[in-house]
Structures are given as structure tokens and as C-alpha cells.
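See below for the structure under consideration.
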There are 2 protein chains.
Amino acid sequence: MQSPTWKDPITAADRVLLEIQRAIVEGQIAPGSKISEPELAKRFDLSRAPLREALARLERCHLIERIPNAGARVVKLSVAGLVSLYQLRETLEGLACRLAAEHMTDAEIAQVQQLLDQHLSTQRVREGESYYQEAGDVDFHYRVILGSKNPYLINLLCDELYFIVRMYRVQLGMNGPRVSRAFDEHKAIINAIANRDGELADLLMRRHIGASRRNIETHFKQPHFKQ
Amino acid sequence: MQSPTWKDPITAADRVLLEIQRAIVEGQIAPGSKISEPELAKRFDLSRAPLREALARLERCHLIERIPNAGARVVKLSVAGLVSLYQLRETLEGLACRLAAEHMTDAEIAQVQQLLDQHLSTQRVREGESYYQEAGDVDFHYRVILGSKNPYLINLLCDELYFIVRMYRVQLGMNGPRVSRAFDEHKAIINAIANRDGELADLLMRRHIGASRRNIETHFKQPHFKQ
DNA sequence: CTGCATCACATTGTCGACAATTTAACTGGA
DNA sequence: TCCAGTTAAATTGTCGACAATGTGATGCAG
């Protein structure tokens, strides 16, 4: 409903949603801080009606928590939360791989392989620019998820879990040394899918995400991040 | 946010949500039919503000689909939708079992085992009353899911997917001959969890749900149900 | 008769104000 | 000083009306 799977931000609620989403993910609105409806309404110059619509969607993607008659707060990041989230991701994207191996067309698979080569070359040129790395990573996972052709799964991963996953990565300053290794793992996964080996693709994806989780987990203890 | 994991229906939006939820699940509001905000507002005697809040939550649990500036419709049931939904459920509840085998206390496990014996006896007395069967089934799955101790997973299964799963079962008239077999399968699953064998519990749960899906699938072709 | 443009109607999106509830500050007493 | 009860301020929930958009009917041109 609100991101890679997007139509056009038509209504005012849509626009303010995107802005607040970005602000929360990037930490401009601090984790744990209270969300004041009157304040945000003034800040974005609209009434509380579309704002509340946006808040409802923010709760849906786990960026805020609401308590009836008491208001909303931005979620707090924690090691336990990260582990829970990635346990889910491992299983879900593993399932996506198994289904993708079954349902993706040869053309779609070839397109992803081509995409990886393309990302590899641009990544060599723009050494160290983490933005391109993340864009490529997101793009790869996105394609595989869509390849599953399972609407519930697609909605879950692309709309509901996407932003909270991104929030962990962004706020823990993920630029890591895992760049080139991730590319190889992506290659192996799409090859397994190309061979219609869903079981292997499932396994590889779980490992891939597991490695990513351990990589992020270490950042919780590093000095440059204030909990 | 709106079911087994429930606090108290305090606000007007909460109350109307429960009523519409029930009406949709039980088919009193026909699948595919349009949701008119003015009509429902009059029918439940409240303004459109809390009604729209309720609609947002109905979309969240996949009971309605909204299109900007064009309104909402009740979801249509289909074989493809059922398959997609149960693919997800198999994987998710399998994960729940694996985590439950790791995180449930001995006391919690014993409580579930006791619960199953209790259900078995009451079921023998009230032969054929499908309500008790379903209540018991829901209760068992609910406990295992909570046992996973994973907040994202709990929210997903108990709040977001619970009602659409129930809608399929209710509207396809599930009373099936699978009663006693399900009890045995539940027993086997909780025993695996008691033995801390997460892998086996995972496998058994997937089979259990797979069997349930095939059981429901057959009802799509039977005469007593009009698509 | 068919196809397209126009227009009126119905529905959704948004607004500002009021009611209900929570939070905190304050007062008084132990 | 600390705690409980009360009260005032601020916030959330709800309402009715208006604006913007979508829908269907009507009428005209081809």
C-alpha cells in the first residue's frame, strides 16, 4: 500500500505519510518519542483527519505504536526486536524463493540476472557509495518477492515489513564490508531459482538474511550509535 | 489489535469494527459487495470518522480492499486466494512451532496438553457440534503462536490473518469429518514441542495445516456453496 | 444507432469545532 | 517530605458540513 508497490501519492494523507515515514526511518523523529497530532498537523499544514489516516498506516508498518485515548509513540529499536523481525524475514523470504522458483518466468529470471551484472558494474565504479548498494539490494529482494506471485506475501514483505527493516539498517549505519559478498549470494540465489531448485534457493536466502542480521547485530554495540 | 489479542472495546470505532468484522466473516455482507460509508454510518448510528477508522483496520486484516477516491469492497473468496493464504499460514505456524519448542516454559506446555484432553472429552459429549470443535482448534493454534514469543509473528497470525482464515472456513461451511484426526495431530505437535524438537513440530504443523487446506479446498466444488 | 462530451448526482477526502478521556499540576493533609 | 484527591490543561475521539473526485445519465454529433 505504501512503497515499492505504489500507484501515485494522490491524497494529502498519502503525501504526509511518505514524509513522516521517511522522517521516522531516518531518525529525524527520535525512536520512543511521542507523536503529537496537533503539532504534526500544524507542521505539515493540514487538518487532523488525513493525519490520522497516515498514523493508521504507520502503525500498520510497525513504525509507531498507538494506545487508545493516549496517543502514539515511535517504536524503539532493540536487539530483541531485530531478532524477532529477522526470524520472520528469513522464513518469509525463504518461502518467496521457493515460490519464485516455481512461478517466475524464464524472462523474469533473466531480467534479474541481467540486473545483478548491471549493479555489479555500477558498484565497482561508485566504490563505497552505500546508497547504490542498498538500492541494488532492495531491488533484488523486491524482484524475488514479486516472483513468488503470492499477494499476501508480497503485501507483507513490500508494504508492512519493508520500512521497519529499513529503519534498523539506516539507523544502525549499515555500510558494512558485506558489499561484494552480498552480490555473490544474490547470484547464487537467482541461479538456484533459474534451476528451479526451490529448496536450495530457500536455504541460500535464509543464510543470506541470517548473515545480514548478524552483521547488523554487531552494530548495536559499536560506539557511533547511541541507544 | 482486534481479536484474541484484545484489551477492551472502548471507542466507538472499536465497537463498529467488531460488528462489521463479524458481518463480513459470516457473509452477512456479501463478498465483492461495495461498502458505502454513508449507509453504514446511518446503520450503526455514528459519524463517518470512527467508521473510517474501522475500515482502515478492516483493510489491515484483508477483509476489504480500498481504492483511493473510489471506495471499499468486501474481498472475494477464490481458490487462488485460499492457496496463497494457506501457503503463508503453513510457513508461519511452522515457524511458530519451532520457536515455541525453544521458548515455551514447561508449565505453558503442560497447560496446552491439559487443554487438549479437556477439549477431547467435551467434544465426545457434544458430538457434532462444530462450534466447540472450532473453538478448540483456534485455542490450540493460539497458544502455540503465543508460545513463539515473537511479537511480529503473533501480531501477524492473531490479528492480521485470523479473520480472513476464519472467513474461508465459515463461508465454506467447515464442519468436516476431520474432527478426531485434528485432535491427534494437535497431540503430536504439542508432544514434539514438549520434547523440544522444533524441527519435528514445524514439520507436523505444516502437514496439519496442509491437510486442513485440502479439506477446505474440496468444499469449493460442493453444491451447498454458491460462489 | 453508436460514440463521445457534458452535466448532475453520489461518494470520498478534508476541514474546524466540540465532547470525552487522559495527563499533570496543584492543593491539602498525614 | 510524601502521598492522595481534586482540578485544570492538553490530547484524543467524534461530529456535521464543505470541497474534491469519481460515476452514471443525458444529449448531441457523426
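In this text, all values refer to a predicted model and were calculated from it rather than measured experimentally. Lettering follows sequence order; numbering is per chain, from 1.
- Atom CD in B/Glu53 sits about 13 Å away from atom P in D/dT12, given to the nearest Å.
- Atoms CD1 and CD, on B/Ile64 and B/Gln21 in that order, are 10.5 Å from each other to the nearest 0.5 Å.
- Separating the CZ atom in A/Arg206 from the CD atom in A/Glu93 is a distance of 11.5 Å, to the nearest 0.5 Å.
- Every pair passing ring pair (Phe, Tyr, Trp, His ring centres under 6.0 Å) that includes a residue from residues 61-83 of chain A is listed here, sequence neighbours excluded: A/His62-B/Tyr152.
- The CZ atom of B/Arg73 sits 11 Å away from the P atom of C/dT12 (whole-angstrom rounding).
- Near DNA chain C, defined here as any heavy-atom distance below 4.0 Å, the residues from residues 28-46 of chain B are B/Lys34, B/Ile35, B/Glu37, B/Pro38, listed numerically.
- Taking side-chain N and O atoms only, B/Arg48 has no distance below 4.0 Å to OP1 or OP2 of C/dT12.
- The pair A/Arg57-A/Asp14 counts as a salt bridge, with a side-chain nitrogen and a carboxylate oxygen less than 4.0 angstrom apart.
- A straight line from CZ of B/Arg15 to P of D/dG13 spans 13 Å, rounded to a whole angstrom.
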The dot-bracket string of DNA chain C, counting Watson-Crick and G-U wobble pairs with both distances under 3.5 Å, using [ ] for crossing pairs and | for pairs to another strand, is ||||||||||||||||||||||||||||||
Output a table of nitrogen or oxygen pairs between the protein and nucleotides 7-10 of chain D separated by less than 3.5 Å.
none

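- For the atom pair CD1 of B/Ile190 and CD of B/Gln114, the computed distance is 12.0 Å after rounding to the nearest 0.5 Å.
- Atom-to-atom, CG of A/Leu51 to P of D/dT11 comes out at 13 Å; the value is rounded to the nearest Å.
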Give the C-alpha distance, both sets of side-chain angles, the deciding distance and a yes or no for side chain to side chain contact (heavy atoms under 4.5 Å, CB included) between A/Val74 and A/Met167. CA-CA 11 Å; A/Val74 178; A/Met167 184 172 171; 4.3 Å; yes
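- By the 6.0 Å contact criterion, NZ on B/Lys34 is enclosed, its count of non-hydrogen atoms from other residues, nucleotides or ligands being greater than 12.
- No donor-acceptor contact under 3.5 angstrom links the side chains of B/His119 and B/Asp137, judged on distance only.
- Judged by closest nucleotide on DNA chain C, B/Ala72 is the one of B/Ala72 and A/Ser47 placed further toward the 5' end.
- Among the protein residues, B/Ala49 comes within range of the nucleic acid bases, having at least one heavy atom under 4.0 Å from a base atom.
- Residues B/Glu217 and B/Arg213 are paired through a salt bridge, judged by an N-O separation under 4.0 Å between the basic side chain and the carboxylate.
- In this structure, CD in B/Glu65 is found 12.5 Å from CG in B/Leu58, a value given to the nearest 0.5 Å.
- A salt bridge does not link A/Glu102 with A/Arg98: none of the charged nitrogens is closer than 4.0 Å to a carboxylate oxygen.
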Taking distance alone, no hydrogens or angles, what donor-acceptor pairs closer than 3.5 Å link side-chain atoms of residues 38-46 of chain A to residues at least two apart or in another chain?
none

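- Separating the CZ atom of A/Arg66 from the C1' atom of D/dG13 is a distance of 10 Å, rounded to the nearest angstrom.
- No cation-pi contact links B/Arg166 to B/Phe163, judged by a cut-off of 6.0 Å to the six-membered ring centre and 45° from its axis.
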At a cut-off of 3.5 Å, list every protein nitrogen or oxygen paired with a nitrogen or oxygen from nucleotides 21-23 of chain C, distance to 0.1 Å.
none

